Amino acid sequence: MRAIAVRQFGGPEVLEPCELPEPSVRPGHLKLRTRLAGVNYADIHLREGTYPAPMPCPFIPGNEVLGSSEDGRRFVALSRGGGYAETTVVHRKLAFEVPEGIADHDAISLMLQGNTAWHLLFTDLRVTADDTVLIPAAAGGVGSLAVQLAKHAGASVVAMASSEEKRITARELGADAVVDSSMAESLTERILDAAGGPVSAALEMTGGDVFHATLAALTPRGRMAVFGAVTGVDGLVPITSLLAGSKAVSGFWLPNLYPSRTHLNDSMSALFTAVAEGWLKPLNGPVYKLGQARQAHHDLAARLTTGKIVLDLDR
């Protein structure tokens with residue numbers, strides 16, 4: 001089968017197109033003919049060797065796929081690697097059949113990024129209509145869905161994006177206000193100005209100066225959920241800021257929900273229903289061929305894309 005292998009950690013150049021034997025099916029698992037493989041920041045960190053749960057080389061990257069089972073049913077699934085290949089074996093507990101009427105690209109947008117957005121907002125932050133929510137990378141995979149989910153819950157949404165085009169997209173998705181996130185300098189002041197004051201809830205995935213700017217923009221008793229560190233720079237939490245403002249900072253990593261399928265069952269059901277009803281519209285991004293995996297990683301890391309990026313194994 002065609003696949004992409006990583007034999008040593010490094011930049012996009014270590015993504016190596018190759019031919020490999022098909023994986024064997026283990027008990028409790030499901031074999032899928034891969035149609036689409038999601039491209040995510042987690043894939044970049046795995047490739048670099050900086051992921052919270054690193055994989056030893058060699059490995060096939062890709063933690064999210066849409067594919068067909070041997071009896072012809074469509075599934076979206078999460079996996080521990082293996083997605084950048086024509087055949088993927090996934091655990092049945094992490095595979096969800098796609099309802100009729102939901103397009104392939106929409107479905108895979110919901111799997112990793114949709115679940116992340118859902119649980120950040122409603123499991124970690126418990127967002128309600130009383131909240132003003134700050135959402136970074138609002139034209140990206142997680143952010144674009146989080147904007148719509150928070151708005152549907154009745155919250156006010158302040159969206160951050162790094163370009164004017166992306167800020168226009170965030171407004172089209174329903175954001176009440178937008179902030180230029182291309183420079184960390186004076187970011188707190190820009191957030192406060194756009195929001196008309198402090199925000200009560202915030203997502204954070206950049207680290208470093210952006211982490212501190214977001215923390216400073218929280219209202220007393222505000223809460224922030226951290227789900228990434230794109231810059232690779234830790235945002236060390238100043239204890240005095242937490243005490244003075246009674247602020248809460250939590251971390252979120254979707255794989256911590258994998259052992260119990262209950263959480264993902266609930267969120268996937270809600271996300272599928274939202275798309276079917278028409279009020280949640282995944283923002284589908286660029287589609288690359290499997291052999292263009294290096295370009296896909298480069299474009300994502302350089303923030304040249306919007307929405308959900310995928311590799312199309314049929315192209």
Side-chain angles (χ1 to χ4, degrees), residues 30 32 35-42 63-68 73-79 83 90-129 131 133 135-155 157 159 169-170 172-175 201 203 205 225 227-228 252-285 306-310:
L30 181 67
L32 299 177
R35 295 188 190 180
L36 299 177
V39 179
N40 302 289
Y41 276 107
N63 297 323
E64 169 194 47
V65 297
L66 179 141
S68 300
R73 294 182 293 163
R74 282 190 306 156
F75 286 87
V76 285
L78 296 163
S79 63
V90 299
H91 201 290
R92 288 184 180 273
K93 288 185 177 181
L94 297 176
F96 301 84
E97 189 167 1
V98 180
E100 290 186 16
I102 295 183
D104 287 355
H105 205 150
D106 288 349
I108 198 169
S109 295
L110 302 178
M111 190 68 262
L112 194 153
Q113 293 170 332
N115 277 297
T116 296
W118 178 273
H119 288 287
L120 280 167
L121 291 170
F122 305 126
T123 301
D124 265 26
L125 295 178
R126 301 184 183 279
V127 164
T128 69
D131 283 306
V133 186
I135 297 175
V142 173
S144 62
L145 293 168
V147 167
Q148 297 175 75
L149 291 169
K151 280 300 298 179
H152 192 262
V157 173
T169 297
E172 291 172 346
L173 292 170
L203 311 186
M205 46 80 74
F227 66 106
F252 179 81
W253 190 40
L254 188 64
N256 286 323
L257 298 182
Y258 292 1
S260 172
R261 183 179 164 119
T262 301
H263 296 292
L264 295 180
N265 268 343
D266 292 345
S267 53
M268 282 305 299
S269 176
L271 290 165
F272 280 144
T273 298
V275 172
E277 291 177 348
W279 62 262
L280 182 64
K281 300 181 186 299
L283 183 59
N284 295 333
T306 59
K308 180 64 184 177
I309 306 170
V310 296

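As the structure is a computational prediction, the values presented were derived from the model and not from experiment.
- One distance of note links OG1 of T116 with CZ of F227; it measures 7.5 Å at 0.5 Å rounding.
- Side-chain contact, N265 with K93: no donor N or O sits under 3.5 Å from an acceptor N or O.
- Using a 4.5 Å heavy-atom threshold, the side chains of L203 and L125 count as touching.
- Sequence neighbours left out, the pairs with a member in residues 135-151 that pass side-chain hydrogen bond (donor to acceptor under 3.5 Å, both in side chains) are K151-D176.
- Residues forming a ring-ring contact (aromatic ring centres under 6.0 Å, His included) with F122 (at least two apart in sequence, or on another chain): W118.
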Which is it for L254 and L264 under the side-chain contact (heavy atoms from CB on, under 4.5 Å) test, yes or no, and what are the steps along the way?
CA-CA 10 Å; L254 188 64; L264 295 180; 4.1 Å; yes
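- When side chains are defined from C-beta on, V142 does not count as touching M205, because their heavy atoms never get closer than 4.5 Å.
- Residues L271 and L145 have side chains not in contact (no heavy-atom distance under 4.5 Å, counting atoms from C-beta outward).
- Two residues are said to be in side-chain contact when any heavy atoms from C-beta on lie closer than 4.5 Å; P282 and H105 fail this criterion.
- Pairing each heavy atom of A95 with each of L30, the nearest pair is CB-CD2, 4.1 Å.
- What you find for S79 and V90 is that their closest heavy atoms are CB-CG1, 4.0 Å.
- No side-chain donor-acceptor contact under 3.5 Å links D266 to the backbone of H263.
- The CG atom of L36 sits 14.0 Å away from atom CE of M111, with the distance rounded to the nearest 0.5 Å.
- Of all non-hydrogen atoms in I108 and K308, the two that sit nearest each other are O-CE, 4.0 Å.
- F272 CZ to E97 CD: the interatomic distance, rounded to the nearest 0.5 Å, is 9.0 Å.
- The CZ atom of F252 lies 5.0 Å from the CG atom of L257; values are rounded to the nearest 0.5 Å.
- Within the structure, every pair that satisfies the salt bridge (Lys or Arg N to Asp or Glu O under 4.0 Å) test and touches residues 102-124, not counting sequence neighbours, is listed here: R35-D104, R74-D104.
- Separation of atoms CG (N115) and CD (E64) is listed at 9.5 Å; rounding is to 0.5 Å.
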Begin with the C-alpha distance, continue with both residues' side-chain angles, and end with the deciding distance and a verdict on side-chain contact (heavy atoms from CB on, under 4.5 Å) for V98 and L66.
CA-CA 9 Å; V98 180; L66 179 141; 4.3 Å; yes
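- With hydrogens and angles ignored, the 3.5 Å screen pairs a side-chain donor or acceptor of T273 with a backbone N or O of S269.
- Across every non-hydrogen atom of V157 and A150, the tightest pair is CG2-CB, 3.7 Å.
- The heavy-atom pair separating G83 from V65 by the smallest distance is CA-CG1, 3.5 Å.
- The shortest side-chain heavy-atom distance between N63 and N40 does not fall under the 4.5 Å cut-off.
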Test side-chain contact (heavy atoms from CB on, under 4.5 Å) on N284 and S109 and set out the steps.
CA-CA 7 Å; N284 295 333; S109 295; 3.3 Å; yes
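- Scanning both residues, A146 and L121, for their nearest heavy atoms gives O-CD1, 3.6 Å.
- Considering only heavy atoms from C-beta on, E277 stays 4.5 Å or farther from H152 through its side chain.
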Decide side-chain contact (heavy atoms from CB on, under 4.5 Å) for L110 and V76; before the verdict, give the C-alpha distance in whole Å, the side-chain angles of both, and the deciding distance to 0.1 Å.
CA-CA 9 Å; L110 302 178; V76 285; over 6 Å; no
